[in-house]
There are 2 protein chains.
Amino acid sequence: MRRTCRACALHALCLPASISADELNSLDAIVRARRPLDRGQQLFASGARFQSLYVVRSGSFKTTLETNSGEQQVLGFHLPGEIIGFDALSDDVHRCNAEALERSSVCDVPFAQLDEFASSVPGLRRQLMRIASREVVKDHEHLMMMGRKQAQERLAIFLRSLSERYRNLHRAPDLLELPMSRHELANYLGLVVETVSRLFTRFEELGVLAVNRKQIRIVDFARLDELAGEPSPNLESEAC
Amino acid sequence: MRRTCRACALHALCLPASISADELNSLDAIVRARRPLDRGQQLFASGARFQSLYVVRSGSFKTTLETNSGEQQVLGFHLPGEIIGFDALSDDVHRCNAEALERSSVCDVPFAQLDEFASSVPGLRRQLMRIASREVVKDHEHLMMMGRKQAQERLAIFLRSLSERYRNLHRAPDLLELPMSRHELANYLGLVVETVSRLFTRFEELGVLAVNRKQIRIVDFARLDELAGEPSPNLESEAC
DNA sequence: CGTGTCGTTGAGGTCGCTCAACACCAGTGG
DNA sequence: CCACTGGTGTTGAGCGACCTCAACGACACG
């Protein structure tokens, strides 16, 4: 089960990006495997002491934040190659919950050792900051979606972005197997589940998607872009 | 105009936190002052090449993201001691706009030199990650507000949080001098300006605030907490 | 088959948006 | 001194996108 970073398919997306072969071996010595988590199991909980960053190796996770009134806000969904836990670096306590959406496995990267190692490897140091920064950029886009977009655009933007992430993982970008429930998706989008359900129906009627429970096929990328509020340049709107 | 980090009042909040006196001098050699910006002037624009992180020294800034349809989303407001530019570390290009809300000054911290210096100073390295992580935590809270809170709660949460930041800066926490326009505030909260205006009126009628244009006085902190959706423990709601 | 979870659909209500008018203030120029 | 202007903030009326509530259908699991 334990494999080396070198042999890992996620190599280029992950921490090892842009470090040498020698250094890769040292990193391998730090990274620990972890027994797979089942659907619904927590990787860590808000308030827990921070020790490690986690890299999704297979499956998927959601991170959530609890309001003081007990509701949850889904902050993000995390696919293989993505790193979870950066919010905990601020004061060594996890600030959100991370939960497996399906049977999933992670690499456990003890931060103290990683930081120690990074001090001598500028490339790794840089990559760490880069990934933390990407988290910020991702959140900013999420914020823009929540603040300025209406329901239809939100779902379209989400599907497009998920498709893009699938492409980066060398999965078919038009065949989305949603790991999250409608409820979790709606929550992430700042909507209620009924609205999302109606949108899937509408998108199917428009010939943009083929929906079968959690299997979504994107039929018309150009129109999906339009629905996302980004009129594709090569396809003029019929109104003009 | 140019002052040292050592003499700076923001010392403890900023990058120098938890580094030694010697190291502080080295940091001083890196940091460059910059001529003050007037209200409306941009510190950097989205798409610009990233060279420096900026620390707000006086005044205040907003960061914004532009949608593809040309609208803006305000991502955050930045008070003295706060650091702007972390979103640019992902690929050395600024991913948002930063604009002065009033006459303001910043410290310019060239990142290449900072990173170089940080390699030999574990405390600084750690502090850099800490601040980046705080940015993530802040965005997560903003997201929760946008996703799960209604208008009244949003404004109350914002005012409470601003008051807290004032307290950290040793300013009176009940006397808020809002540097942003109603429009910018509404945008940040994911609302329209009319809604925010009505809320200020309502909060004043409720005896929670005293509002005079951009000068806001918090009259009743406990009730503001209630409006923020956090029933204060020592003050039971009159309904029970 | 019953039970529970999840997703879909319908009917009705409401919070916040849209649109429009007006108040307030500062700056400008006669 | 006042009129004029533009920017900013407030208020009112009406509407609509999304939420709420409720029922039902589909599927998994015992």
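Chain A is the first sequence line, chain B the second, and so forth, proteins listed ahead of strands; every chain is numbered from 1. Note that the structure is a prediction, hence the values are computed from the model and not measured. Atom set for the values below is all heavy atoms of this structure, side chains included, hydrogens, waters and symmetry mates excluded.
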- request: Spell out protein contact along nucleotides 9-25 of chain D as letters: B when the base is contacted, S when just the sugar-phosphate is, - when no protein heavy atom is under 4.0 Å; keep the 5' to 3' order.
  value: SBBBB----SSBBB---

Integer-rounded Å distance: dT8(C) P and Leu155(A) CG: 11 Å

- request: Mind jotting down which residue pairs meet the salt bridge (charged side-chain N to carboxylate O under 4.0 Å, His left out) criterion with at least one end in residues 181-207 of chain B? Sequence neighbours excluded, please.
  value: Lys62(B)-Glu184(B)

- request: With sequence neighbours excluded, tell me which residues meet side chain to side chain contact (heavy atoms under 4.5 Å, CB included) with Lys138(A).
  value: His78(A), Glu135(A)

message: How many whole angstroms separate atom CG of Leu185(B) from atom C1' of dT8(D)?
response: 14 Å

statement: Rounded to whole Å, CZ of Phe203(A) lies from P of dT9(C) at a distance of 14 Å

- line: The side chain to side chain contact (heavy atoms under 4.5 Å, CB included) partners of Arg154(A) (sequence neighbours excluded) come to Met145(A), Met146(A), Lys149(A), Leu189(A), Leu191(A)

- line: Sequence neighbours excluded, the answer for side chain to side chain contact (heavy atoms under 4.5 Å, CB included) partners of Pro80(A) is Leu10(A), Val56(A), Leu169(A), Arg171(A)

- request: Take atom CG of Asn187(B) and atom P of dT8(D), then tell me their distance rounded to the nearest Å.
  value: 14 Å

- request: Check Leu224(A), Ile216(A), Ile218(A) against Ser163(A) for a side-chain contact (heavy atoms from CB on, under 4.5 Å) and give me the one that passes.
  value: Ile218(A)

statement: Atom CG of Leu178(B) and atom P of dT8(D) are separated, to the nearest Å, by 15 Å

- prompt: With sequence neighbours left out, what residues match Ala88(A) under side chain to side chain contact (heavy atoms under 4.5 Å, CB included)?
  reply: Phe50(A), His94(A)

